[in-house]
Protein chains: 2
Amino acid sequence: MSPRRRAPLTRERVLAAALELAHEGGFESLSMRKVAAAVGVEAMSLYNHVANKEDLLDGLVDVVFGEFEAPEPGDPDWKGAMRRRAHSMRAVLNRHRWAVGLMESRVAPGPENLRFHDATMGCLRLAGFAFRDAVHASSVQDAYIYGFLLQERSLPFDTPSEHGAVIEVKRANVPDMTRFPHLVEVMTEMAKAGYDYDTEFAFGLDLILAGLEP
Amino acid sequence: MSPRRRAPLTRERVLAAALELAHEGGFESLSMRKVAAAVGVEAMSLYNHVANKEDLLDGLVDVVFGEFEAPEPGDPDWKGAMRRRAHSMRAVLNRHRWAVGLMESRVAPGPENLRFHDATMGCLRLAGFAFRDAVHASSVQDAYIYGFLLQERSLPFDTPSEHGAVIEVKRANVPDMTRFPHLVEVMTEMAKAGYDYDTEFAFGLDLILAGLEP
DNA sequence: ACCTGAACACCGTTCAAGT
DNA sequence: ACCTGAACACCGTTCAAGT
């Protein structure tokens, strides 16, 4: 009769609660006990819906895969499709910063993961890529995307001008910067002009897409 | 008089012990208490040489940066220098699989980190890259390298033929693979021909280097 | 200055017991 | 079938006390 009775615990509800905790409390503070509390239950009850914490993480990662915009196999503008795919991945992973670094390291790929990779391969194959080349093409793109997000993730600022300020702090903390003249150059330039992740990301993505042809 | 007396605890010895533990016991099993035990001391003594666990990780990451082969600023063959740099990074990070994903997410860059990035920027600047282009160039390369290692890290096999076997297992575990025809194609092809990380890595690296010019 | 014992506030997971 | 209480074997870190 109470609302809690009407909505019995499911894997989906456990994952949703964990996702929200990761989102607001920070990923590292995500514990079985806290997920359980968020869902109104004792920690041990979670084990009825999830094999263990590792399985819970697998589930979370697959939720994130589900948010990626999959490319359309057969899209005549395959480069456009790949570009949209990449930008969608970046947007989603910036929303779930904790997920970068987990995405490609899960051992058991979930259904959304499979769906997404299938669509990517399909789009490349139908665009005329030979099998091996399609593997190469998706591999280099994904490596770039995940690696870029890895760099972007750690940064405690959002706008170019904030970046300038952070750079200044960092510079002040390092003794004897004269040993690193080229780094000094980067930092002073950055502090002046800021750093724009959008154009930086687009630069590398375009470079890679320019080098790919069926 | 005992050997323990002759070698008092230092930050370096703490880091060395932690590195060894990460290497053999697996990174996730690395705890302050175990590092302390490995160095013959109680856990709390570590805090005299390391601010906290986060600081210990910063230290470990910088040890790894120290193993990277830095490019030579002024090297006339800058593409060769970048290629050697990339392959050295891959070799080191395959030796320290736990480090991938931590490298670019540390907030406080250590001296080896600074040294390495300074050498990279220096090599590109002296090769004729304008400042902004040097930043672009190093950014796209590093994103690719770290991202590739992220993908490579998780894999529980070393040779292409082992890979085939693993693929078969995975395939058997996924129900209704007919929903993912292109993935089925990848898996059957992979199971046949195997997957060679060396050539895969070289493909993407060459593609990126081909697109970079001062 | 460096090390320690005891304690605090946590973890993931197992297991027998409840309903 | 699902949930729970108590317990086990751990964590990182603080703090007062030792030398």
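Nothing here was measured: the structure is a model prediction, and the numbers come from that model. Proteins come first, then strands; the chains are lettered A, B, ... in the order of their sequence lines, and each starts at number 1.
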Check whether D55(B) reaches the backbone of V50(B) with its side chain - one donor and one acceptor, N or O, closer than 3.5 Å. no

I want to know whether F129(A) and H136(A) have ring centres closer than 6.0 Å. no

Assess the pair H87(B) and F201(B): is the distance between their ring centroids shorter than 6.0 Å? yes

What is the 5' to 3' range of DNA chain D, first to last nucleotide, that sits under 4.0 Å from any heavy atom of chain A? dC2(D) to dA7(D)

Each base of DNA chain D marked ( ) or [ ] if paired in-strand (Watson-Crick or G-U under 3.5 Å), | if paired to another strand and . if unpaired gives ||.|||||...|||||.||

So, the side chain of T120(A) versus the backbone of F116(A): is there a donor-acceptor pair under 3.5 Å, distance only? yes

Residue list, side-chain contact (heavy atoms from CB on, under 4.5 Å) with V135(B), at least two apart or on another chain: M190(A), Y195(A), E200(A), M121(B), F131(B)

Side-chain donor/acceptor of D62(B) to backbone N/O of E112(B), under 3.5 Å: yes

Taking only residues two or more places apart in sequence or in another chain, which ones pass salt bridge (charged side-chain N to carboxylate O under 4.0 Å, His left out) with R33(A)? none

Scan residues 9-55 of chain B for pairs that pass ring-ring contact (aromatic ring centres under 6.0 Å, His included), counting only residues two or more places apart or in two chains. F27(B)-W98(B)

When you measure from the side chain of E189(A) to the backbone N and O of E185(A), does any donor-acceptor pair fall under 3.5 Å? no

Members of residues 43-59 of chain B that approach DNA chain D, where some heavy atom sits under 4.0 Å away: M44(B), Y47(B), N52(B), K53(B)

Considering only atom P, compute the distance from dA9(D) to dA9(C) and round it to an integer number of Å. 22 Å

Given V14(A), which of N48(A), L60(A), V41(A), L46(A) fulfils the side-chain contact (heavy atoms from CB on, under 4.5 Å) condition? L46(A)

